[in-house]
Amino acid sequence: MGRKRQRRRWLWIGLAGLVSVWLLGWYVVPWCVALPEGLDEVNASPRLLDRDGHELHHLTLPDFTRRTPVDRDDLPDDLVACTLAAEDKRFRTHGGVDVLATARAARDWLLEGRQVSGASTVTQQLVKLGQEPQSRTLKVKLMEALQARQLEMRWGKDEILTAYFNRLDYGNRRIGPVEAARFYFQKPLDQLSLAECALLAGLPQAPSRLDPVDHPERALDRRAVVLDRLSRLSDDARIAKARDEELRLRPLIEEPMAPWLPTMAVGAGVEVRTTLDRDLQQTLEGIVADELERLKGSNLQHVAIVVLDNERSEIRGLVSSGNWDDPRGGQINGALTPRSPGSALKPFTYLLSFERGGRHPGSIIADIPTRIRTVEGLDAPENFDRAFRGPVTVRRALACSLNVPAMRELNRLGGPEPLHELLVELGFESLGDDPVEHGLGLTLGNAPVTLLELAEGFATLARGGWHRSATLVAKDGGEHRVFSERSAWLITDILADPVARAPAFGRRGPLELPFPCAVKTGTSSDFRDNWCVGYTTDYTVAVWAGNFDHSPMKGVSGVDGAGPIFQRAMRWLHREEKPTARERPAGLVRVRMDPRSGKLSGGSHTVDEWVPDGLDLLPARPEDYDEAGRLFLDETYAEWLASEHNQRRSEFAEKPARPADTPLRVLAPRAGTVYLLDPELPNGGKLRLSTNLPGVAEWQCSTLQLDCSGSEPVAQLEAGSHQLVLTDRRSGETREILIQVEER
């Protein structure tokens with residue numbers, strides 16, 4: 001009896017020891033190992049959205065995968081059931097390690113001498129997925145089992161299941177069921193059928209080998225295995241129907257709109273909402289593709305377009321090249337690449353003329369052969385048609401994009417410096433810091449600018465002089481006034497005037513729209529770039545057409561290349577509601593004037609023009625005309641009047657010589673004046689010379705360089721004493737003026 005009790009006692013001691021070891025190993029030892037960090041955190045792939053939340057781009061993570069986390073409530077019951085049937089049928093009942101499955105796997109390994117079946121639970125797989133890949137040694141597996149036990153004691157089953165699904169690899173670099181459903185079926189999770197759930201549930205076992213795109217038979221065989229396992233748990237008609245369901249894959253082909261967007265969109269977070277409009281973006285890309293096809297015989301390879309919302313200066317649409325896959329530079333962003341804008345900068349010269357030069361749309365500028373001094377010597381600019389028109393109004397000079405009047409006007413304003421200063425304030429950063437290197441050609445577009453800068457500048461005109469920087473991610477940016485609303489309105493009125501534009505561009509062309517729209521074109525030398533930019537009260541549209549390799553197009557101007565794209569974009573933007581003209585600001589009045597002289601006139605040869613209220617305009621006098629009603633022109637126009645360029649002989653006549661006894665007077669400068677040279681002066685040290693006999697009297701100075709090419713001669717000041725001599729060429733009468741120039 002004593003020995004029997006002794007054996008029973010040792011049996012209970014042994015059993016208690018085993019229980020203690022089991023309890024220790026099951027509940028205590030797992031706490032001695034560390035869990036992988038961030039098991040409950042999954043980095044989602046960044047998504048770029050349009051302004052309404054529509055997806056434009058779904059970017060990859062640094063490991064080139066796409067991931068979209070899912071909540072437990074969004075996991076379909078069928079997908080959960082199929083996945084557990086395939087991977088861990090006792091998930092709801094085990095504590096992280098399936099003892100039965102482990103024992104079976106160990107038995108099979110002993111009998112076969114190799115691993116026949118797996119025993120890893122969902123929890124163990126989650127631990128494995130949360131760490132860097134390791135060799136599958138016994139030690140590693142033991143550590144994963146302990147970590148799985150600890151996880152089961154920390155988390156609930158649904159929390160584990162959700163984290164597991166969010167880390168599952170479904171092949172084709174798609175992590176998680178949301179991305180898998182999107183890639184293989186282009187469906188949201190809640191629209192998956194039971195058969196589709198079973199297919200997805202089978203893929204994580206071997207994503208590459210079971211890839212349904214490359215190996216549909218293998219994927220279907222695996223689906224059948226999953227459905228068989230599911231039927232053991234729930235045998236119903238749905239499973240039988242799922243077995244017979246045909247595989248209908250719709251592999252997602254990533255062809256996102258705006259392929260340039262990831263390089264420009266700046267924002268924080270998983271979702272970046274841009275200012276783009278998806279429908280507009282798609283329309284613009286279609287328009288550009290159509291026009292590139294239409295002009296492919298003209299060696300036009302690339303087109304860029306920018307659409308700004310004027311109120312907030314937000315980019316609503318942007319095309320970078322027209323063909324992202326073009327090996328000739330399709331991935332260059334034409335909206336950000338500096339190019340010569342041609343005549344597209346002229347409006348800003350005349351805006352300066354309104355702001356600082358006392359001009360208005362009816363002011364007269366000479367379009368005559370002109371020699372302009374440059375650093376290389378004398379330059380003789382020409383208009384696009386190599387013709388000269390004599391006296392022209394600012395309205396006609398700008399609307400018809402005449403080169404010579406624009407350069408003469410910029411010269412009158414003090415050279416390129418004031419225009420450069422204005423453009424920099426408008427956001428034209430591509431110009432550089434030195435205006436002198438561009439010279440008066442700056443108004444003709446000889447300096448590089450980007451399409452986006454051009455759109456910003458014209459949008460400032462549309463806002464009446466308020467400048468806001470263009471943005472691609474919505475934000476509250478500041479604005480500041482650059483020029484007056486009145487000057488902006490006058491420029492807009494000219495650019496929206498189809499009658500004033502008609503002599504150069506004709507009527508009913510791509511620049512003419514069925515609603516108020518200001519527009520300006522530009523073409524660089526040798527047809528290497530052409531531009532069309534314009535605006536309504538609501539939108540600004542800027543278009544560039546050309547070739548990134550700088551090869552010239554075959555006779556394609558801004559009207560022919562960029563113009564049709566501009567028109568189609570504007571029509572689409574205003575397809576539902578036509579814009580109205582911008583309200584005219586106070587301080588402008590309508591007057592009748594002679595467009596040949598710029599003087600007030602009530603005769604038959606008159607036009608109506610807007611001018612600032614209170615402007616002291618000269619009235620036309622009878623002595624301004626000959627008996628045939630032709631306007632007399634002074635000697636400034638003598639060369640043009642006698643040349644073949646004069647196609648207006650019925651409008652103008654040479655003014656009779658003034659009587660020799662008309663006294664010669666110097667209007668400026670005054671004798672004895674002392675001038676201070678200041679390097680910060682905006683006019684660059686230039687002094688205008690004025691007389692009561694322009695075109696008749698001649699200025700000379702032996703110590704100063706004079707530029708007599710313009711309507712008013714200009715002296716370039718230097719330190720010292722200088723004597724200016726004014727001579728009446730008819731009589732030889734002279735006036736001598738002594739001035740003093742000192743350095744500050």
Side-chain angles (χ1 to χ4, degrees), residues 39-47 55 58-89 91 118 120-133 160-227 229-230 242 245-254 270:
L39 280 179
D40 58 342
E41 299 175 1
V42 178
N43 292 328
S45 305
R47 297 168 66 227
E55 183 178 298
H58 194 179
L59 306 180
T60 62
L61 291 167
D63 61 359
F64 302 104
T65 62
R66 286 185 172 86
R67 305 174 184 232
T68 300
V70 63
D71 294 330
R72 174 64 184 91
D73 293 341
D74 297 326
L75 286 169
D77 292 340
D78 284 342
L79 181 60
V80 172
C82 289
T83 300
L84 293 181
E87 300 293 336
D88 189 356
K89 64 183 179 181
F91 172 73
S120 294
T121 63
V122 161
T123 314
Q124 288 173 282
Q125 292 181 50
L126 172 58
V127 169
K128 176 184 174 183
L129 292 171
Q131 304 179 87
E132 293 294 327
I160 293 172
L161 194 63
T162 303
Y164 173 69
F165 270 105
N166 284 330
R167 291 180 177 274
L168 275 182
D169 184 353
Y170 288 90
N172 288 289
R173 299 192 176 276
R174 306 287 163 160
I175 306 299
V178 173
E179 284 301 312
R182 178 173 178 265
F183 178 78
Y184 293 115
F185 304 113
Q186 296 189 47
K187 287 183 177 182
L189 284 178
D190 59 1
Q191 293 183 17
L192 293 178
S193 67
L194 176 59
E196 290 166 342
C197 288
L199 182 84
L200 294 184
L203 299 183
Q205 184 189 59
S208 297
R209 183 174 61 83
L210 299 174
D211 184 351
V213 178
D214 295 333
H215 308 291
E217 296 84 3
R218 297 176 187 173
L220 287 173
D221 289 344
R222 176 63 178 167
R223 184 185 75 174
V225 171
V226 173
L227 290 172
R229 292 180 180 177
L230 184 63
E245 184 175 309
E246 181 181 353
L247 177 62
R248 297 186 182 90
L249 292 178
R250 296 177 59 206
L252 181 64
I253 300 175
E254 297 285 351
V270 174

*For Gln125, check side chain to side chain donor-acceptor pair (under 3.5 Å) against everything at least two apart and list the hits.*
Glu87, Tyr164

*For the side chain of Tyr184 and the backbone of Tyr170, is there at least one donor-acceptor N/O pair under 3.5 Å apart?*
yes

*Considering all heavy atoms of both residues, which atom of Leu79 and which atom of Pro177 are nearest to each other, and what is their separation?*
CD2-CB, 3.6 Å

*To the nearest 0.5 Å, what is the distance between CG (Leu168) and CG (Leu203)?*
10.0 Å

*What residue pairs, at least two apart or across chains, pass side chain to side chain donor-acceptor pair (under 3.5 Å) with a residue in residues 66-81?*
Asp63-Arg67, Thr65-Arg67, Thr68-Glu179, Arg72-Asp158, Asp78-Arg238

*To the nearest 0.5 Å, how far apart are OG in Ser193 and CZ in Arg248?*
8.5 Å

*Taking salt bridge (Lys or Arg N to Asp or Glu O under 4.0 Å) as the test, write out the residues that go with Glu55, two or more places apart.*
Arg47, Arg182

_When you compare the side chain of Pro204 with that of Thr83, does any pair of heavy atoms fall below 4.5 Å?_
no

*asked:* Filter on salt bridge (Lys or Arg N to Asp or Glu O under 4.0 Å), then keep only pairs touching residues 183-192, sequence neighbours left out; what's left?
replied: Lys187-Glu196

*Under the side-chain contact (heavy atoms from CB on, under 4.5 Å) test, which residues partner Ala198, sequence neighbours left out?*
Cys82, Arg223, Val226, Leu227

_Where Arg250 and Phe185 come nearest, the two heavy atoms and their spacing_ = NH1-O, 3.7 Å

*Where is the tightest heavy-atom contact between Ala44 and Val270, given as atom of each residue plus distance?*
CB-CG1, 3.6 Å

*Any pair counted as side chain to side chain donor-acceptor pair (under 3.5 Å), so long as it reaches residues 204-221, sequence neighbours left out*: Asn172-Asp211

*Would you say the side chain of Phe165 lies within less than 4.5 Å of the side chain of Thr162, judging by non-hydrogen atoms?*
no

*To the nearest 0.5 Å, what is the distance between CG (Leu220) and CG (Leu199)?*
6.5 Å

*Minimum heavy-atom distance Val178-Leu189, with the two atoms named*: CG2-CD1, 3.6 Å

*Of all heavy-atom pairs between Arg229 and Ala86, which one has the smallest distance, and what is that distance?*
NH1-O, 2.9 Å

*May I ask you to test the Leu84-Leu161 pair for a side-chain heavy-atom distance under 4.5 Å?*
yes

*State whether the side chain of Glu245 and the backbone N or O of Ala195 hold a donor-acceptor pair below 3.5 Å, judged by distance alone.*
no

*asked:* If you define the side chain from C-beta out and look only at heavy atoms, does anything of Pro46 sit under 4.5 Å from Leu61?
replied: yes

*Kindly compute the distance separating NZ (Lys89) from OG1 (Thr121), expressed to the nearest 0.5 Å.*
14.0 Å

*Quick one: are Leu194 and Leu230 in side-chain contact, heavy atoms under 4.5 Å?*
yes

